[in-house]
Amino acid sequence: MHEYSLAFSIVQSVDKWAREVGVYVKRVVVSVPSVAMLDLGILQEAYDMLKRESRLENSKLEVKVKSPTFKCRRCGYTFTDRETPLEEVRRKYGEEYPLHLIPELTPTFIKCPRCGSNDIEADLSIKVEEVETA
Amino acid sequence: MHEYSLAFSIVQSVDKWAREVGVYVKRVVVSVPSVAMLDLGILQEAYDMLKRESRLENSKLEVKVKSPTFKCRRCGYTFTDRETPLEEVRRKYGEEYPLHLIPELTPTFIKCPRCGSNDIEADLSIKVEEVETA
Amino acid sequence: MRPILDLAREKLKGKRVFAVLSGKGGVGKSIVAAFWAMALPKSALIDLDLFNMSTVKLFGVEKLHEVDKEGIKPFEVDGVKFFSLGGIVGDRWVVLPGANEGNVAEALLAFADLTGVENVVVDMPPGTGEVLLTLVRVTPFTPIVVTTPSRAAVSVVRQLMDYLQEQSIIPEVLVINMAYLMCKGEKIHPFGWPKELEDLKSR
Amino acid sequence: MRPILDLAREKLKGKRVFAVLSGKGGVGKSIVAAFWAMALPKSALIDLDLFNMSTVKLFGVEKLHEVDKEGIKPFEVDGVKFFSLGGIVGDRWVVLPGANEGNVAEALLAFADLTGVENVVVDMPPGTGEVLLTLVRVTPFTPIVVTTPSRAAVSVVRQLMDYLQEQSIIPEVLVINMAYLMCKGEKIHPFGWPKELEDLKSR
Ligand SMILES: Nc1ncnc2c1ncn2[C@@H]1O[C@H](COP(=O)(O)OP(=O)(O)O)[C@@H](O)[C@H]1O
Ligand SMILES: Nc1ncnc2c1ncn2[C@@H]1O[C@H](COP(=O)(O)OP(=O)(O)O)[C@@H](O)[C@H]1O
Ligand SMILES: [Mg+2]
Ligand SMILES: [Mg+2]
Ligand SMILES: [Mg+2]
Ligand SMILES: [Mg+2]
Ligand code: NI
Ligand code: NI
Ligand SMILES: [Zn+2]
Ligand SMILES: [Zn+2]
């Protein structure tokens, strides 16, 4: 349910930038990591509500769900979330499972399939990839 | 004077790789950060000595000195070592100054010229950029 | 554009932020942070020691944080609101690369629901690494510096004070914790009382 | 190809490596690591707590490490060889982003001149973050786990043991430090003696 906070953070950041450079925004493209299992419906709904009275009032939000490439810093093996037990973690915690709130916690919950290490590097950040101005 | 250890680590890593893939090496290109102020003469001399009886016996070492781009994680300002007081640090410690041995210590010794923060991101690693096989 | 960082900054704007710091481990940061939050009106405690998660244990909480539109809801015990990673992962180990540690700390600050809160007390981990840099990145703060009389702690805390001074961040309080013990009416000092302690007090 | 990581691995191959771990801060890791190194023949102590650098202070060393073709030369006091970042930066604060912390730890392990050394004792920082992952990346090791009787420490150490077990890294020793104090012939327990301690001992 923190998709509202996420939507707020996106609107706020882009609006701040838009006012600094003096533009209006038509389209915002953000990327989110698949492990977060975000509810894209709520995200869109929150965005459309929160964008009112901002420079993004007439903008569309496009969300790209990216499946991160995990890299084990011990043995170098690279893999994706298909080889990780995230479903199990999800069942144990339910909807607000830790990686939904904070995807950067992933190394605590997955092991390298080849050597079992938790020393896993991956880009798990939520990013504003593109902003199209009016 | 740890250039010998550095040369040893380069020869050892590339030789291990060369034996794994079954090749002989003609040329090795490494990049080093300018802040380390390495003695390239000693590095070459050590490399040429340590490469004997290895798969790099007839190889040449090429060293690229890179001036890292520093980025302040607080205010976003990017800068190079021209805007940092590294000479001062060098004078205080002498030749074995901390960044010569361990370039990754740089954030402890420099501040963002714009906001004064030590929260500085930069690629300060010593890397094998290229290996040309015979 | 860094949405989570901007959100964390936005959340703490206009609030009085204290950070309980030491550099040294096990000197009583979490205990002092809890007392400090209890003593302040409209306060909330945010536990950024991601590997110890002491706060949930100190307050005996064993459930997970609720989450709603406003973000992560605080636990509340004896009128003190607090947030801890322990309320997200539960009672299990947390192992993270350094870079992730800062991003997790930033996310906690960003998603904490601080509605009605005026005083924020941040319980910091030992050391002067990723989480300290993250806090300095997110918000100005008033340090509450904690030490024990032990020479090891005093020397680390002196170095922390030098760093804070260079950043013109001025500590308001120095807590000398675990200073003495009453033994049948007599004071004993398990960690001694080195003269360097007087220099710390004078700063 | 990672030359510095390979060099660190090469340096420690064939040596017996102990890591003094706790997860909790201020429980006595550095003191125990120093004693452990003193007790073992042909030993060297490597201080990977980059922000505290306790070892140089414990042994009262105030100069910098020499460096030659073999790498960083150890300090030697009472027959104990040791390496610390304090011998590279001197008596000043160290502030580093998380990723740098691991690379600095790796460089210390890689450049330490361990000629003639058979037992290596690694003094670890508190927490289960970048430096623990770095050590696990570099070398197998035998953990020496240190706790105090305090409930806060015991709960962190239990989680550390769960993690080590999952990695099939088996601790050989559990040190329960600062357990009691003699007060006029009578034992007092400043950190209590919770029953959870018995579970730790049984593991
Ligand atoms: N004044 C004190 N008297 C007795 N025990 C204390 C005191 N201060 C702290 N402790 C105990 O010492 C341990 C370390 O305290 P803690 O607040 O966790 O330190 P830190 O957060 O700096 O690691 C805890 O078990 C705590 O209960
Ligand atoms: N058994 C003990 N009795 C008295 N003081 C101790 C004891 N063990 C540790 N200390 C002191 O407690 C402080 C913390 O010990 P230290 O070894 O630095 O812990 P850590 O490395 O776990 O942070 C140091 O000042 C040390 O001198
Ligand atoms: Mg604490
Ligand atoms: Mg601290
Ligand atoms: Mg220590
Ligand atoms: Mg530890
Ligand atoms: Ni949610
Ligand atoms: Ni050198
Ligand atoms: Zn692996
Ligand atoms: Zn800056």
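First the proteins, then the strands, lettered A, B, ... as listed; each starts at 1.
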query = Closest heavy-atom contact between D:E186 and C:K184?
reply = OE1-NZ, 2.8 Å
ask   = Is it the backbone or the side chain of C:N100 that comes under 4.5 Å from a heavy atom of chain D, or both, or neither?
value = neither
ask   = Backbone N or O of D:F51 within a donor-acceptor pair of the C:T128 side chain at under 3.5 Å?
value = no
task = Examine whether an atom of D:M53 lies under 4.5 Å from a heavy atom of chain C, and if so say whether it belongs to the side chain, the backbone or both; otherwise answer neither.
result = side chain
message = Distance check, rounded to the nearest 0.5 Å: C:L96 atom CG versus D:E130 atom CD?
response = 10.0 Å
request  = Could you grab the distance from atom CZ of C:R151 to atom NZ of D:K57, nearest 0.5 Å is fine?
outcome  = 12.5 Å
Most contacts with chain D, counted as non-hydrogen pairs under 4.5 angstrom, among C:T148, C:V27, C:V95 = C:V95
query = Do D:W93 and C:E166 touch side chain to side chain, with heavy atoms closer than 4.5 Å?
reply = yes
ask   = Is it the backbone or the side chain of C:V94 that comes under 4.5 Å from a heavy atom of chain D, or both, or neither?
value = backbone
message = When you measure from the side chain of C:K24 to the backbone of D:N52, do you find a donor-acceptor pair of N or O atoms at a distance under 3.5 Å?
response = no
key: Winner by heavy-atom pair count (cut-off under 4.5 Å) against chain D, out of C:S155, C:G129, C:A99   = C:G129
message = Less than 4.5 Å to any heavy atom of chain C: does that hold for the side chain of D:D91, its backbone, both, or neither?
response = both
request  = First locate atom CZ of D:R158, then atom CZ of C:R92, and finally report the distance between them rounded to the nearest 0.5 Å.
outcome  = 12.0 Å
key: Best-contacting candidate, D:A153, D:G98, D:P97, against chain C by heavy atom pairs under 4.5 angstrom   = D:G98
inquiry  = Looking at D:E66, I'd like to know if its CD atom is crowded, meaning that more than 12 non-hydrogen atoms belonging to other residues, nucleotides or ligands lie closer than 6.0 Å.
reply    = no
ask   = Is it true that atom CD of D:E62 has more than 12 heavy atoms of other residues, nucleotides or ligands lying nearer than 6.0 Å?
value = no
query = Considering residues, nucleotides and ligands other than D:F35, do more than 12 of their heavy atoms fall under 6.0 Å from its CZ?
reply = no
